[in-house]
Amino acid sequence: MMFWRHLGLVVVFFLCEGLAMDCDDFTDLGFHDSFIGTQLNVKLLLYTRANVDCGKEVFLHNLTDTPFLNLTLPITFVIHGYRPTGNPPVWIGEIVEKLLTVRDMNVLVVDWNRGAANINYLSAVKNTRKTAEKITDFIQKMQENGASLSSIHMIGVSLGAHISGFVGTRFGGKIGRITALDPAGPQFTGTPPEDRLDPTDAQFIDVLHTDMDALGFRAPLGHIDFYANGGADQPGCPKTIFSGKEYFVCDHQRSVFLFLCSLNKTCNITVYPCPSYNDFLDGKCLQCDAFKPAPCPVLGYYVYEWRDKLLSLQQTKAYFSTTADPPFCKTNYRVDIVTWNKPTRYGVIIIKMYSGGDVTEARIDHKAAKFEQYKTTRLLAQFDKNLQSVQKISLQFSTGNVVGPRYKLRLLRIQLRPLEHSDGPKLCRYDLILEENVDVSFKPIPCETSDF
């Protein structure tokens with residue numbers, strides 16, 4: 001009896017080992033392949049909660065026999081972009097894992113590396129339509145076997161964003177959602193809607209722009225378009241070509257890492273609908289009036305919760321700033337200052353907050369603010385840390401004058417209100433004199449109810 005029991009365990013062990021080894025991998029090419037060019041071949045790799053670390057290739061001719069595939073569950077396609085080096089995207093495993101943590105679903109990674117790995121970018125662009133045709137064939141087969149178009153979410157990166165759009169067009173915009181992560185700009189900017197992603201390609205489209213002045217697309221393409229740090233240069237990315245490959249890809253790829261952080265939900269990045277990034281930095285778009293009584297939308301995966309309102313607004317541009325490192329969240333305060341000085345003053349403000357040994361700083365210096373007697377100047381202060389208990393604040397005022405008199409700025413009132421944490425403390429101080437280029441520290445006091 002013991003013999004057969006041990007034999008059974010051995011058989012199970014080898015079966016499990018065999019299953020663990022029987023995985024289908026993303027196509028791994030090299031620069032040599034990219035240099036000589038490759039023939040397009042589109043593979044779909046399925047991941048579910050039952051095989052998070054072991055992709056299974058899906059074949060059109062025996063779709064219903066695919067292990068782990070459950071067409072009654074939501075379906076998310078992940079589509080990469082141009083791959084000039086031929087290597088697999090470094091983020092594939094992480095996005096699969098996080099999507100399956102969020103929800104029980106089918107994740108289908110679209111591997112078109114044999115059409116995207118080419119030093120000739122135009123060849124990769126040409127292959128986007130052919131890739132969309134292959135995906136369309138799979139979706140049609142899934143429909144025949146009970147899948148719903150509204151349950152499909154396509155996440156497209158760079159060229160993958162436009163592939164998603166081409167697929168959406170073929171289904172008359174009935175696909176549930178397209179998330180476009182820094183859609184490719186070259187060869188798509190200035191083209192008509194049928195030749196790129198556009199808002200009619202799905203029931204709901206959210207777009208994230210991080211490199212619109214180089215590899216990305218500048219104009220809005222969805223129902224909500226997020227512009228991280230204005231949509232161009234991202235903090236922490238190299239500024240000179242001497243940094244090598246990172247100089248070219250860092251801003252563009254940041255869209256993926258911002259989306260990945262949105263899946264964590266450990267740090268929701270609030271976004272602010274606004275006509276421009278400068279208006280946002282000027283503190284002109286901090287109310288989110290169109291969304292009341294709901295809060296401002298958030299970046300990334302969970303923006304779908306604002307879907308109905310965003311669809312009623314048709315197209316919304318939203319702005320936010322980030323830190324250089326994950327999870328990328330800044331803590332934003334609305335700062336209202338009333339001054340006493342009779343002459344109008346122009347200058348920048350530096351605010352530091354202290355809590356025990358922690359300190360965080362906001363430099364409101366993108367342009368000189370205007371301070372007029374008895375008028376409220378509204379500013380946006382963005383801090384890299386969220387201090388739970390602010391014990392001390394310091395202010396510094398500067399006009400930037402190298403020569404000439406040093407000015408003073410008398411504040412009748414300063415109010416600091418946290419934007420993302422409505423239950424956070426509202427901090428005030430009354431009758432304060434700032435001498436130019438000198439830190440003035442004070443302990444904040446509770447604001448009078450009339451102040452807000």
Side-chain angles (χ1 to χ4, degrees), residues 24-47 55 57-58 60 76-96 107-139 154-170 178-189 191 195-197 201 207-208 210-211 214-217 221 245-257 259-260:
D24 298 305
D25 297 324
F26 191 97
T27 305
D28 191 354
L29 304 173
F31 184 73
H32 172 74
D33 301 286
S34 179
F35 184 77
I36 64 174
T38 55
Q39 289 293 112
L40 175 67
N41 178 43
V42 179
K43 295 196 303 183
L44 265 63
L45 302 177
L46 171 69
Y47 298 85
E57 185 171 358
V58 178
L60 194 62
T76 299
F77 289 85
V78 178
I79 311 173
H80 65 86
Y82 180 45
R83 307 298 306 164
T85 64
N87 297 325
V90 297
W91 43 264
I92 286 291
E94 187 176 358
I95 198 170
V96 167
V107 177
L108 288 164
V109 173
V110 178
D111 173 4
W112 65 289
N113 204 20
R114 288 196 173 274
N118 198 311
I119 59 171
N120 183 356
Y121 174 73
L122 297 181
S123 294
V125 170
K126 186 177 179 180
N127 284 329
T128 57
R129 294 243 183 217
K130 298 175 184 177
T131 302
E133 291 173 8
K134 297 291 185 182
I135 299 171
T136 300
D137 292 340
F138 276 97
I139 294 177
M154 309 194 78
I155 302 172
V157 180
S158 190
L159 288 179
H162 297 296
I163 292 173
S164 301
F166 297 150
V167 173
T169 297
R170 288 173 173 267
I178 292 176
T179 295
L181 303 180
D182 210 37
Q187 297 301 304
F188 294 93
T189 298
T191 59
D195 292 331
R196 55 167 171 80
L197 177 69
D201 291 334
V207 184
L208 174 56
T210 57
D211 192 27
L215 301 180
F217 201 98
L221 294 169
K245 174 188 171 185
E246 278 298 296
Y247 173 74
F248 297 99
V249 304
C250 184
D251 292 332
H252 195 42
Q253 202 172 58
R254 181 63 59 85
S255 62
V256 178
F257 297 118
F259 184 78
L260 287 172

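Being a predicted model, the structure only gives us computed values, none of them experimental.
The two residues Leu44 and Phe138 make their nearest non-hydrogen contact at CD2-CG, 3.8 Å. Minimum heavy-atom separation, Gly165 to Leu197: CA-CD1, 3.7 Å. Here the shortest heavy-atom pairing between Met154 and Ile135 reads CE-CG2, 4.0 Å. Between Phe26 and Pro88 the shortest heavy-atom distance is CD2-CB, 3.5 Å. When all heavy atoms of Ala132 and Ile163 are compared, the pair lying nearest together is CB-O, 3.9 Å. Taking both residues in full, the closest heavy atoms of Pro183 and Leu208 are given as CD-O, 3.9 Å, listed atom of the first, atom of the second, then distance.
Contact check for Asp182 versus Val157: no side-chain heavy atoms found under the 4.5 Å cut-off. Residues Val78 and Val96 are not in side-chain contact: their nearest non-hydrogen atoms beyond the backbone lie 4.5 Å or more apart. Looking at heavy atoms from C-beta onward, Leu159 lies in side-chain contact with Val125 at the 4.5 angstrom threshold. For the pair Lys245/Val249, a side-chain contact is recorded, criterion being any heavy-atom separation below 4.5 Å from C-beta on.
Side-chain contact, Thr210 with His252: no donor N or O sits under 3.5 Å from an acceptor N or O.
Atoms OG and CG, on Ser255 and Leu215 in that order, are 10.5 Å from each other to the nearest 0.5 Å. Separation of atoms CG (Leu181) and CD (Gln253) is listed at 11.0 Å; rounding is to 0.5 Å. How far OG1 of Thr76 is from OH of Tyr47: 14.5 Å, rounded to the nearest 0.5 Å. For the atom pair Lys130 NZ and Phe166 CZ, the distance stands at 13.0 Å (nearest 0.5 Å).
Of the possible donor and acceptor atoms, none in the side chain of Asp211 sits under 3.5 Å from a partner among the backbone N and O of Asp251. Side-chain atoms of Asn87 do not come within 3.5 Å of backbone N or O of Arg83 as any donor-acceptor pair. Side chain of Ser34 to main chain of Ile119: a donor-acceptor pair is present (N/O by atom type, distance under 3.5 Å, no hydrogens or angles). Here the side chain of Thr189 pairs no donor or acceptor atom with the backbone of Pro186 at under 3.5 angstrom. The backbone N or O of Phe188 lies less than 3.5 Å from no partner atom in the side chain of His162, so there is not a single donor-acceptor pair.
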Under the side chain to side chain contact (heavy atoms under 4.5 Å, CB included) criterion, do Phe217 and Val207 qualify, and how do the steps go? CA-CA 10 Å; Phe217 201 98; Val207 184; over 6 Å; no
Residue pair Tyr121, Tyr82: steps toward the ring pair (Phe, Tyr, Trp, His ring centres under 6.0 Å) verdict: CA-CA 7 Å; Tyr121 174 73; Tyr82 180 45; 5.1 Å; yes
How far apart are the C-alpha atoms of Leu29 and Thr38, what are their side-chain angles, what is the distance that settles it, and do they pass the side chain to side chain contact (heavy atoms under 4.5 Å, CB included) test? CA-CA 10 Å; Leu29 304 173; Thr38 55; 4.2 Å; yes
Walk me through it: do Asp195 and Arg129 pass the test salt bridge (charged side-chain N to carboxylate O under 4.0 Å, His left out)? CA-CA 9 Å; Asp195 292 331; Arg129 294 243 183 217; 2.7 Å; yes
Quick one: side chains of residues 108-116, donor-acceptor pairs under 3.5 Å with protein atoms, not counting sequence neighbours, listed by atom name and distance.
{"from": "Asp111", "atom 1": "OD1", "to": "Asn113", "atom 2": "N", "distance (Å)": "3.1"}
{"from": "Asp111", "atom 1": "OD2", "to": "Thr27", "atom 2": "N", "distance (Å)": "2.7"}
{"from": "Asp111", "atom 1": "OD2", "to": "Thr27", "atom 2": "OG1", "distance (Å)": "2.7"}
{"from": "Trp112", "atom 1": "NE1", "to": "His80", "atom 2": "O", "distance (Å)": "2.9"}
{"from": "Asn113", "atom 1": "ND2", "to": "Thr27", "atom 2": "O", "distance (Å)": "2.9"}
{"from": "Asn113", "atom 1": "ND2", "to": "Gly86", "atom 2": "O", "distance (Å)": "2.8"}

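Exactly one residue among Asn41, Val167, Val42 makes a side-chain contact (heavy atoms from CB on, under 4.5 Å) with Thr131. That residue is Val42.
No more than 12 heavy atoms of other residues, nucleotides or ligands lie within 6.0 Å of NZ in Lys134, so this atom counts as exposed by the packing criterion.
Applying the salt bridge (charged side-chain N to carboxylate O under 4.0 Å, His left out) test to every pair with at least one member in residues 24-37, sequence neighbours left out, gives no pairs at all.
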